[in-house]
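The first residue of the sequence shown is numbered 1, and numbering continues consecutively from there. Keep in mind that what you see is a predicted model, and the values were worked out from it rather than measured.
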Amino acid sequence: MSARRRPEAPRPVSDERSRAAAFLDVAEGRGPVALLDDAGIGVLLRATRRIAVVGASADPGRPSFGVFRYLRDQGYDCVPVNPNTTEVLGVPSFPSVAAAVAATGPFEIVDIFRRSEFCVPHAEEAVAAGALSLWLQLGVVNWEAAQIAAAAGLSVVMDRCTAIEVRRMRLG
């Protein structure tokens with residue numbers, strides 16, 4: 001006999017509408033922050049050597065693991081930031097971007113693999129660490145985080161995958 005799971009409480013309709021509106025704003029280029037376009041992403045990825053991967057997982061079934069591995073295979077120096085794992089592909093993991101910077105040096109990109117609602121503290125970390133760019137992965141949109149980063153002079157990418165963009169631009 002299988003255990004019955006309690007159904008999750010439905011999200012309020014206004015939350016769903018806000019989330020959909022945020023994604024449409026990204027797709028249509030009408031959010032409160034200018035996001036990097038294809039040309040800007042290409043320049044950023046060509047200039048980047050070091051990427052902090054926030055939410056990197058040691059589980060080969062997770063998208064963050066595959067992206068981490070692919071970026072490393074393409075020559076990027078990637079450092080996992082995840083307080084719940086000790087290493088990813090033999091690379092020591094750090095509990096925060098600040099700890100990773102202190103131990104390994106600065107990053108050009110802080111690449112976020114977290115749910116949208118958890119991105120603001122990571123945007124603040126990226127700013128404090130002196131990163132050049134805040135990158136929110138495919139399916140991740142948070143305009144408040146984008147505004148924090150942009151106000152500090154960081155470029156912002158949202159709802160795009162670093163690995164897909166490297167492949168698409170034939171950088172790897």
Side-chain angles (χ1 to χ4, degrees), residues 22 25-26 29 31-58 63-166 168-169 171-172:
D25 287 344
V26 169
V33 171
L35 302 177
L36 284 184
D37 60 9
D38 286 352
I41 289 171
V43 168
L44 173 65
L45 290 172
R46 283 180 188 88
T48 294
R49 291 294 121 227
R50 301 197 75 235
I51 302 173
V53 183
V54 177
S57 175
S64 62
F65 177 89
V67 170
F68 185 89
R69 180 180 53 206
Y70 179 79
L71 293 173
R72 286 188 44 96
D73 289 349
Q74 299 311 306
Y76 292 98
D77 179 12
C78 296
V79 175
V81 176
N82 186 336
N84 299 316
T85 191
T86 57
E87 67 177 37
V88 176
L89 293 170
V91 180
S93 182
F94 296 90
S96 67
V97 173
V101 169
T104 70
F107 300 98
E108 287 90 13
I109 297 175
V110 174
D111 188 6
I112 312 295
F113 276 92
R114 300 286 317 273
R115 290 193 344 223
S116 298
E117 61 267 29
F118 298 136
C119 290
V120 169
H122 300 301
E124 293 165 344
E125 282 189 304
V127 169
L132 299 179
S133 181
L134 176 70
W135 190 302
L136 304 185
Q137 272 293 327
L138 194 60
V140 182
V141 172
N142 186 305
W143 286 108
E144 182 182 357
Q147 288 174 308
I148 290 166
L154 281 69
S155 61
V156 178
V157 178
M158 286 198 295
D159 192 29
R160 291 204 190 195
C161 175
T162 45
I164 290 171
E165 296 303 319
V166 166
R168 189 173 70 83
M169 295 186 183
L171 299 173

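- A cation-pi arrangement is absent between Arg50 and Tyr76 under the rule of less than 6.0 angstrom and at most 45 degrees off the ring axis.
- Atom NE2 of residue His122 and atom CG of residue Asn142 lie 10.5 Å apart, to the nearest 0.5 angstrom.
- Not one N or O on the side chain of Ser57 forms a donor-acceptor pair closer than 3.5 Å with the backbone of Phe65.
- In terms of heavy-atom proximity, Val141 sits nearest to Met158 at CA-SD, 3.9 Å.
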Checking Val157 against Ile41 for the side-chain contact (heavy atoms from CB on, under 4.5 Å) test, could you report, in this order, the C-alpha distance in whole Å, the side-chain angles of both residues, the deciding distance, and whether it holds? CA-CA 8 Å; Val157 178; Ile41 289 171; 4.0 Å; yes

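- Annotation: the span from Leu134 atom CG to Ile148 atom CD1 amounts to 9.0 Å, rounded to 0.5 Å.
- Residues Val67 and Cys161 are in side-chain contact: their nearest non-hydrogen atoms beyond the backbone lie under 4.5 Å apart.
- Atom CD of Glu165 sits about 6.5 Å away from atom CG of Asp38, to the nearest 0.5 Å.
- With rounding to the nearest 0.5 angstrom, the OG1 atom of Thr162 is 11.0 Å from the CD1 atom of Ile112.
- Nearest heavy atoms, Phe68 versus Ala56: CD1-CB, 4.2 Å.
- A pairwise comparison of heavy atoms in Val79 and Val91 identifies CA-CG1, 4.4 Å as the closest pair.
- Atom CG of Leu154 and atom CH2 of Trp135 lie 13.5 Å apart (nearest 0.5 Å).
- Annotation for Phe113 and Pro63: closest pair CE2-C, 4.1 Å, computed over non-hydrogen atoms.
- Side-chain contact check for Leu71 versus Asp111: some heavy-atom pair is nearer than 4.5 Å.
- The side-chain heavy atoms of Thr86 and Ser93, taken from C-beta on, include no pair separated by under 4.5 Å.
- Taking 4.5 Å as the limit, some side-chain heavy atom of Leu136 sits within range of a side-chain heavy atom of Cys119.
- When all heavy atoms of Val81 and Ser96 are compared, the pair lying nearest together is CG1-C, 3.5 Å.
- Distance check: Leu89 CG to Arg69 CZ gives 7.0 Å after rounding to the nearest 0.5 Å.
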Carefully, step by step, assess Leu138 and Asp159 under the rule side-chain contact (heavy atoms from CB on, under 4.5 Å). CA-CA 4 Å; Leu138 194 60; Asp159 192 29; 3.7 Å; yes

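- Nearest heavy-atom pair across Gly42 and Met169 is CA-SD, 3.3 Å.
- Looking only at atom types and distance, the side chain of Glu108 has no donor-acceptor partner in the side chain of Ser133 under 3.5 Å away.
- In this structure the side chain of Leu36 never reaches within 4.5 angstrom of the side chain of Arg160, judged on heavy atoms.
- No side-chain heavy atom of Val53 sits less than 4.5 Å from a side-chain heavy atom of Pro80.
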Evaluate side-chain contact (heavy atoms from CB on, under 4.5 Å) for Val26 paired with Trp143, printing each intermediate quantity in order. CA-CA 9 Å; Val26 169; Trp143 286 108; 3.5 Å; yes

